Student: 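Mind looking over this structure? Questions follow.
Note that ligands are numbered from 1 as they come in the structure, with each ligand's atoms numbered from 1 the same way. Computed from a predicted model, the values in this text were never measured in an experiment. Hydrogens, waters and symmetry mates play no part in the numbers below; they use all other heavy atoms, side chains included.
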Amino acid sequence: MPLDQTNMSARFAECFGHSPDWTVRAPGRVNLIGEHTDYNDGFVLPMAIDRAVWIALRPRDDRIVSVYSIDYNQAAEFSLDLIERGQPGWIEYIKGMAWSLQQAGYILKGWEGVLTGDVPLGAGLSSSAALEMAAARAMAAVADIPWIPAEMAKLGQRAENQWVGVNCGIMDQLISAAGRAGHALLIDCRALHTDPTPLPEGTSVVVLDTSTRRGLVDSAYNERRAQCEEAARSLGVPALRDATIERLEQSADAMDPVVFRRARHVISENARTLRAAQTMRRGDPTELGRLMAESHRSLRDDYQVSSDELDAMVESASEHGACFGARMTGAGFGGCAVALVRSEEADDFARRTAAEYEQKNNRTPAVYVCKAADGAEAM
Ligand code: GLA
């Protein structure tokens, strides 16, 4: 059954014996291009997808936050006056968000809610950012806090970095907070400026989950971040956003060759992302697809965050006549690829690409034809 406000209200009533005051929704995301650029103050071009985390809720008179997770069939609660870290699990994202909002000086109020979602977990579609932004939207609704997407995204990132302990950039929270239906957002991760960019007419975005998950993502991610910082230092710029390819090439002799390649990916990816946004405004899917394919090669060869399965998926996808371009998406090492395809043939593309991947890799992928959705909302 698709999730909607009516279903959520019914589930809330089953749990708490009355109707909720609000239902909030915050979406997952897929990034079209601009990978590993957000923590370099650069540009990204993600879209919010039609898969989300939902919370139906009602304020309480005390300072307790009490939540029942439908998907885990599990209840958890905590007091806003004493937020303590617990075992890893879904409630930690809600606690982390409450902690971060209170650290920033917001006065919160207690609430009770039911929680569910259909963003696949651990697939690289930002289920955790969606949960953080849904929790933020819930707490904003109850405590009458104005919804300023960039501010809420920053506090969500802080919860993820400092409470959950994952050193992510700003992209996932910001697109979940600020997404726009039918559009990707060109995000300037330094200014936190978002610019809605329409999907080319007649195209669909297909997410192709390789069904592989890599444990080493965290350490590899932090290593890439450190290499980027080293590159920026040796180029004498605040962040790789400020460097050019010419400048990088002039400094090549003085740089570690691996660090050089990492920087070449980030600098060229920023340029590709800006070009991709222009291309979308012109409504040119062919050029956008070409840029996506180039992005994949750069991530595979220079940034080295792809995997055999991701490469195989991108190859299978690119062979289909309806595909304009495909690439790995998200942090890498496993998870999903994304493809831009002709809408009329999207279902055939999904079926055939999945079958070919399965046959060659002996693994069953999950495939989602996605619609670009609005960001977090309270209804
Ligand atoms: C993860 C992080 C994002 C971003 C991407 C790579 O999804 O959460 O902040 O760095 O990896 O582009």
Student: In terms of atom number and element, which parts of ligand 1 are under 4.0 angstrom from non-hydrogen atoms of Asp172?
Tutor: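 This gives 1 (C), 2 (C), 3 (C), 7 (O), 8 (O) as the contact atoms.
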Student: Show me which atoms of ligand 1 lie under 4.0 Å from any heavy atom of Gly169.
Tutor: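 Going through ligand 1 atom by atom, the ones under 4.0 Å from Gly169 are 9 (O).
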Student: Going by heavy atoms, is Arg29 under 4.0 Å from ligand 1?
Tutor: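 True for this residue.
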Student: Geometry only, no angles: is His36 polar-contacting ligand 1 at N/O separations under 3.5 Å?
Tutor: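 So ligand 1 has an N or O lying under 3.5 Å from an N or O of His36.
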Student: Take Glu14 and Tyr68, measure what side chain to side chain donor-acceptor pair (under 3.5 Å) needs, and give me the verdict at the end.
Tutor: CA-CA 11 Å; Glu14 277 167 33; Tyr68 172 73; over 6 Å; no
Student: Can you list everything that forms a side-chain hydrogen bond (donor to acceptor under 3.5 Å, both in side chains) with Arg58? Sequence neighbours excluded, please.
Tutor: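 Applying side-chain hydrogen bond (donor to acceptor under 3.5 Å, both in side chains) to Arg58 gives His18.
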Student: Hey, can you pull the donor-acceptor pairs under 3.5 Å for the side chains in residues 318-325, sequence neighbours left out?
Tutor:
residue : atom : partner : partner atom : Å
Ser318  : OG   : Val314  : O            : 2.6
His320  : ND1  : Ala322  : N            : 3.0
His320  : NE2  : Asp348  : OD2          : 2.9

Student: Of all the non-hydrogen atoms in the protein, which one sits nearest to atom 2 (C) of ligand 1, and at what distance?
Tutor: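 Of the protein heavy atoms, Tyr221 OH, 3.4 Å lies nearest.
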Student: Other residues, nucleotides and ligands only: do more than 12 of their heavy atoms fall within 6.0 Å of CD on Glu223?
Tutor: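 Buried by this count: over 12 neighbours within 6.0 Å.
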Student: Look at atom 9 (O) of ligand 1 and say which protein heavy atom is nearest, naming residue and atom and giving the distance to 0.1 Å.
Tutor: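 Among all protein heavy atoms, the one nearest atom 9 (O) of ligand 1 is Asp38 OD2, 2.5 Å.
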Student: Tell me, yes or no, whether the heavy-atom count around Asp81 atom CG, taken from other residues, nucleotides or ligands under 6.0 Å, exceeds 12.
Tutor: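 More than 12 heavy atoms, drawn from other residues, nucleotides or ligands, come within 6.0 Å of this atom.
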Student: Checking the side chain of Ser69 only, and the main-chain atoms of Tyr72 only, is there a donor and an acceptor separated by less than 3.5 Å?
Tutor: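 At least one qualifying donor-acceptor pair exists.
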Student: In terms of residue, atom name and distance, what is the protein heavy atom nearest to atom 5 (C) of ligand 1?
Tutor: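 The protein heavy atom lying closest is Met171 CE, 3.8 Å.
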Student: If you count the atoms of ligand 1 from 1 in the order shown, which ones are under 4.0 Å from a heavy atom of Tyr39?
Tutor: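 In order of number, 10 (O).
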